[in-house]
Every structure is written in structure tokens, then in C-alpha cells.
Visitor: 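Got a structure here, written out as C-alpha cells. Questions coming.
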Amino acid sequence: MDNIIFSISIILLVVIAYFYSWKNFKQENFKMALFIMMSAALVLYFFVATDFFLHHWDERYHALVAKNMMKHPLIPTLYENPILPYDYTNWTVNHIWVHKQPLALWTIAASFWVFGVNEIALRLPSIIVCVIGIYLVFSIGKYFFNQKIAYFSAFLFSINGLMVELMGGRVSTDHVDVFFTFFILLAIYLTIRFIKTEKFIYTVLVGLSIGSAVLTKWLPGLIVLPVWILLLWDSKTLSLKGMALHLSIIIAIAVAVFLPWQVYISTAFPKEALWESNYNFKHLFEAVEGQSGSVFYFLNQIRINYGEYIYLPLLWFFWMMVKDAENKKRWAAAIWFIIPFLFFSIAKTKMQAYLLFTSPVLFFITAEFYFMLKEYKNNHRLKWLFNIVLSLFILIPIRYSLERIKPFENRDRNPQWVLDLKSLNEKNISDGVLFNYNKPIEAMFYTDLIVYPHIPNQETIEGLTKQGFRILINNNGAIPENLLCDKNIKIINLEVNLN
């Protein structure tokens, strides 16, 4: 009951803050409106982040690898000390972990170093970049369209259910996709800053941002390049020769950021790097890990992630592209969305967050359509009907956000199994190996033990004991009698403390 009361209080606070943000927006006090919105979002994000446990996919793996990277940033490991044989082609149980690009993991490791190894430190970097992302969406929207469209787009971004779930680590790909979206936004924002100031430093920063995007989630980060070309072409800031020079500099800097890691892992961990490279390539032609879907998967998914009405704004946007074919900003926004949409629609492996980095475009399109309808309403007799439709453009994203966040669900956000693991860690067991525990990744995050989910045979126990390891087996009622009587084994129940 206390959890429900707390949740209601937080959500009420957030709603009030958004209301005052909207009120300032109506008064065209955009700076204050944006500040209040970002503050409200910060409260909402911290509320979502206070699940005091690791989520199943993929957060627990990212958390453990980041924890291990604190000790050796250039050696990404899942099982820090794999004392038993492992399959290096299985990214859920292997030793060297190059399944993802490292930048987001390095950032989480840095957060652990500053704030300690805990769930809030794990999610804090994503919270920060999401809040900054609100400002970036507003700034980009203001340049592409106007302040009203920019504000409404930032609002949709700030409450988007998928974005908030990823930021909180609740769904697959979590912090990696949040960071990837941030670097795409940052690169486009810096492009606009270059256009406005013509300062060379922004060209350098665009290259660094694109390189960082690639070092977060590989080559889709290059989508910024055609957007950059169209925006610079539209602005007439540079001559054709100047554009070629600056583009070459951007590409060179981006490559200098992401290529060294690829060369390093290929030489330091050749088997793992080659396997993961081929595995990533397989996503194009196979439905990896059962993540399948038809060519229309993302066409359907944008309805689920961004509102059932999304197709009308999209059709209107593309009609406006044809009508105003000289508007290169509109073409830049379209390419930002269309190229990834077509690429991932053709690829065989499908996951809902693959197009997250294109979501700002959908928010811009929705916002532009919203204000077009609002303007049209003023000259129409059926104002009540337009008011209903316009209300749905606000209520549907809010509804979807609440469905994703589930703020009023009565669930345990501080589960006993985490408390058990933390209590176990307080025993400071050196060279400990825990068997028969069904959350091995989580257990290695919360403790310094080596953890496996199965019950070992006698030969394994004897071998590890001779090597100086202390053997612990979690008692789930299925331990063989000979192991129960073995003096070299400590039988534990993770619901109680060790003696």
C-alpha cells in the first residue's frame, strides 16, 4: 500500500509539473516551459530507475560487464574468471564479451567508479542523456520547424514509454539504445550549431559524436552523414568544395574514434571478435535468437510505440515533401527516418528498439500535424470534433507511457533475492564458487563470487577444491545426498544468512 501511495504522489507531482510547463508554453515562455519539462522528466526517470534489481534482458549483462570493466576497461568480460569450460560463441555465458560496442559500458563503469556499484549508478548515465535529449530534440525541432513544434516534440520524447523503459533497463537493448539515440541527436544538434556559427570546432564535435554513436551501436550511426549534407546544402554555409572538405574531416574524426577499438579486439581477442562480427552480419539474413518479423514489422511497431494515429501524420508529411520539394530540411528529417526504416524492415532480425534513434523524426512529424489541425480548426465549424482529435494526440502518448511504466502496479521493487545476495556478499568469501543458483549473472554483479546455475559433479568439486576454491551450493531441495555430506561444500539457502 505504501508503494502505491508513493507512486501516486510521484506521478501527481510529475503531472502538475507538466501542466505548468504546458501553461508556460501557451504563454510562449519557451525557456521556462522547457526547464520545467526537463525537471518533471528527471523526477519521472528517477522514479522508473528505482527498481532495486537487475532486469532480465539485457541490463544484467551490461551491468556485469561494466562492473568488470572498472578493473580493466580494455578487457570486457562477462565471467571474470571462467573456472569451467565455456562456449565463446554464446554471449550469455562466455568470458571475453565483445557482443556490444563499448562506449555505453565504459560510461556505466565510470558511473560505478564514482557512485558505487548499484542499480541507480547503472541507470544514471541513461537518465542524464535522456534529460539532455529533451533539450536536443527541442533545439533540432526549432531549427527544422518552429518553437511550438519543437516544444510538443520534446514533450512526446520526454514521456515516450519505450524510451523511458529503455532508460530504466526494463526492456531489451536498454542503455545501449538510449546512448545511441543521444549521440545521433547530439551530432545533428552540433551540425545546426555549425550552420549558425560557422565555427570549425563544431565540425570536429560532429565527427566525435558520429564516432561515439558507432562506438555505441555500430554503423547505423552513419545516418547522420546524409542528414548533415542536406542541412549544409540547405543553409548554403559552405561551398561545394568546403562541404567536401568538412565532410572528409568529419568522416576522418569519426573513423579515428571507432576504428581503434575494432582493430584492438581483432588482435587481442580474434576468435571472439570474428564470431561477433559474423554474428552481427547474420542479423541481416537470419532471425537471430528468434527475433523475427515480416517486412511490415516496423510499420506496425511504430503504431504501438508512438501512437495509433501515427500513419496520418506520416502520410501528411510525405505529401508535404512532394508539395514542397525544395525544402531540404524536410528531406533531411525524412532521410533520418526512411533509410533506417527500410534497412531494418528488410533485415531478418527485428527488435522494437532498432528504430529508436529515428523516433525524434516521428515526434516532429506528429507535432507538425498537430499544429496544422489546430490551425485548421479555427476556420471550421466542427471545432468540438477537432478538439477531441487534438486531445487524443496528447492523451494517447500519456496512456501509452503509463502502460509501459506501470506506476500503480503493486510489485516488489526491492526483492528479497537481491537482499539475500547482498547479505551473502557481506561475508567476504574469498575464491568462492556458488553453484545451483538460477540467477548467475545477477549474483556475480551483487557479489564477488563465481556463479553457475547447475549442480557440479564430484570430480568438478574435487578439482576446484584442490585449486583453493571454496565451494557453495544453493539448496533448492534437489542436491544429491553425497554432496550434502561433503565437508568441502558449504550448503546455503539464499533466503537466510551464512553462519
Side-chain angles (χ1 to χ4, degrees), residues 51-72 75-97 99 117-119 122 271-272 289 412 414-499:
D51 286 340
F52 294 103
F53 59 91
L54 299 183
H55 296 100
H56 194 64
W57 298 106
D58 297 319
E59 187 182 55
R60 57 180 176 164
Y61 298 99
H62 298 155
L64 180 56
V65 175
K67 175 190 173 184
N68 293 337
M69 282 177 125
M70 291 172 64
K71 292 173 281 188
H72 35 70
I75 306 176
T77 59
L78 185 67
Y79 269 81
E80 178 75 351
N81 183 13
I83 56 176
L84 299 183
Y86 63 92
D87 179 5
Y88 77 90
T89 68
N90 184 346
W91 64 270
T92 67
V93 296
N94 65 1
H95 173 43
I96 297 298
W97 204 84
H99 185 63
V117 179
N118 59 73
E119 301 89 350
L122 165 63
K271 291 189 306 181
E272 291 85 354
E289 298 173 13
D412 190 359
N414 196 16
Q416 186 61 45
W417 64 266
V418 174
L419 299 177
D420 290 343
L421 289 173
K422 290 179 179 179
S423 176
L424 179 61
N425 196 48
E426 292 172 0
K427 301 298 178 180
N428 296 318
I429 303 167
S430 60
D431 296 320
V433 186
L434 172 62
F435 288 100
N436 199 35
Y437 188 70
N438 65 356
K439 295 180 183 292
I441 304 300
E442 294 90 330
M444 286 188 286
F445 176 79
Y446 289 112
T447 75
D448 292 323
L449 301 172
I450 305 167
V451 187
Y452 292 97
H454 63 276
I455 298 175
N457 56 36
Q458 192 68 47
E459 183 181 359
T460 299
I461 292 172
E462 291 175 359
L464 292 175
T465 301
K466 289 179 181 178
Q467 295 177 51
F469 289 101
R470 185 181 179 188
I471 309 300
L472 301 89
I473 299 182
N474 184 44
N475 189 2
N476 64 352
I479 303 176
E481 188 66 28
N482 65 309
L483 298 184
L484 288 172
C485 301
D486 194 323
K487 295 180 180 179
N488 292 319
I489 298 173
K490 182 71 177 181
I491 306 296
I492 67 170
N493 185 327
L494 286 174
E495 294 181 354
V496 296
N497 291 332
L498 280 171
N499 294 325

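Just so it is clear, the model here is predicted, and its values are computed rather than measured.
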Visitor: Measuring from I450:CD1 to L464:CG, what's the distance to the nearest 0.5 Å?
Guide: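 Going from the CD1 atom of I450 to the CG atom of L464 covers 8.5 Å.
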Visitor: Test of understanding: with ring pair (Phe, Tyr, Trp, His ring centres under 6.0 Å), list the residues that count as partners of H99, not counting sequence neighbours.
Guide: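 For H99, the residues satisfying ring pair (Phe, Tyr, Trp, His ring centres under 6.0 Å) (neighbours in sequence not counted) are W91, W97, Y279.
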Visitor: Say you draw a straight line from CG of N474 to NZ of K439; how long is it, rounded to the nearest 0.5 Å?
Guide: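 Atom-to-atom, N474:CG and K439:NZ are 12.0 Å apart.
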Visitor: Please round to the nearest 0.5 Å and tell me the distance separating atom CG of L54 and atom CG of D51.
Guide: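 One gets 10.5 Å once the value is rounded to the nearest 0.5 Å.
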Visitor: Do D431 and Q467 have side-chain N/O donor and acceptor atoms under 3.5 Å apart?
Guide: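 Their side chains do not contain a donor-acceptor pair, so the 3.5 Å distance test is not met.
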Visitor: Using the test ring pair (Phe, Tyr, Trp, His ring centres under 6.0 Å), find all partners of Y452 that sit at least two apart in sequence or belong to another chain.
Guide: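 Expected list: Y79, F435, H454.
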Visitor: Can you confirm whether more than 12 heavy atoms, excluding those of E481, are under 6.0 Å from its CD atom?
Guide: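 No, not enclosed.
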Visitor: What pair of heavy atoms forms the shortest contact from V93 to Y86, and how long is it?
Guide: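 Where V93 meets Y86 most closely, the heavy atoms are O-CB, 3.9 Å.
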Visitor: Check whether any side-chain heavy atom of L78 sits under 4.5 Å from a side-chain heavy atom of Y61, and report yes or no.
Guide: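 L78 reaches Y61 side chain to side chain.
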Visitor: Only one of I491, I429, I489 passes side-chain contact (heavy atoms from CB on, under 4.5 Å) with L472; say which it is.
Guide: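 Only one option passes, and that is I429.
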Visitor: What's the separation between atom OG1 in T447 and atom NZ in K422, rounded to the nearest 0.5 Å?
Guide: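 If I round to the nearest 0.5 Å, the distance is 12.5 Å.
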Visitor: Atom CG in L419, atom OH in Y446: separation rounded to 0.5 Å?
Guide: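 Here the interatomic distance stands at 9.5 Å.
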Visitor: Considering the options L484, V433, L483, L434, which one meets the side-chain contact (heavy atoms from CB on, under 4.5 Å) requirement together with I473?
Guide: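 Result: among L484, V433, L483, L434, L483 is the only option passing the side-chain contact (heavy atoms from CB on, under 4.5 Å) with I473.
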Visitor: Please test N493 against D420 for side-chain contact (heavy atoms from CB on, under 4.5 Å), starting from the C-alpha separation and ending with a verdict.
Guide: CA-CA 9 Å; N493 185 327; D420 290 343; over 6 Å; no
Visitor: So, for K67 and F445, which heavy atoms are closest and what is the spacing to 0.1 Å?
Guide: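 So the two residues come closest at NZ-O, 2.9 Å.
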Visitor: What's the verdict on side-chain contact (heavy atoms from CB on, under 4.5 Å) for Y437 and L449, showing C-alpha distance, side-chain angles and the deciding distance?
Guide: CA-CA 12 Å; Y437 188 70; L449 301 172; over 6 Å; no
Visitor: Assess the residue pair Y88 and I96 against the criterion (side-chain contact (heavy atoms from CB on, under 4.5 Å)); give the C-alpha distance rounded to whole Å, side-chain angles, the decisive distance to 0.1 Å, and a yes or no.
Guide: CA-CA 8 Å; Y88 77 90; I96 297 298; over 6 Å; no
Visitor: Between V451, I492, I479, which is the residue that forms a side-chain contact (heavy atoms from CB on, under 4.5 Å) with N436?
Guide: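 Exactly one candidate clears the test, I479.
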Visitor: Hey, are the side chains of M70 and V117 touching, using non-hydrogen atoms and a 4.5 Å cut-off?
Guide: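 Of all side-chain heavy-atom pairs linking V117 with M70, at least one is under 4.5 Å.
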Visitor: Any heavy-atom pair between the side chains of M444 and N68 that's under 4.5 Å?
Guide: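 No - every pair of side-chain heavy atoms lies 4.5 Å or more apart.
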Visitor: To the nearest 0.5 Å, what is the distance between CG (L122) and CG (L64)?
Guide: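 Going from the CG atom of L122 to the CG atom of L64 covers 11.0 Å.
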Visitor: Run the salt bridge (charged side-chain N to carboxylate O under 4.0 Å, His left out) test against K71 and tell me which residues pass, sequence neighbours left out.
Guide: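 Per chain and number, K71 pairs via salt bridge (charged side-chain N to carboxylate O under 4.0 Å, His left out) with E80.
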Visitor: Do N488 and I471 come within less than 4.5 Å of each other through their side chains, counting heavy atoms only?
Guide: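 No, every pair of side-chain atoms sits at 4.5 Å or beyond.
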Visitor: Is a donor from one side chain sitting under 3.5 angstrom from an acceptor on the other, for N94 and E272?
Guide: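 No, because no side-chain N or O of N94 sits under 3.5 Å from a partner of the opposite role on E272.
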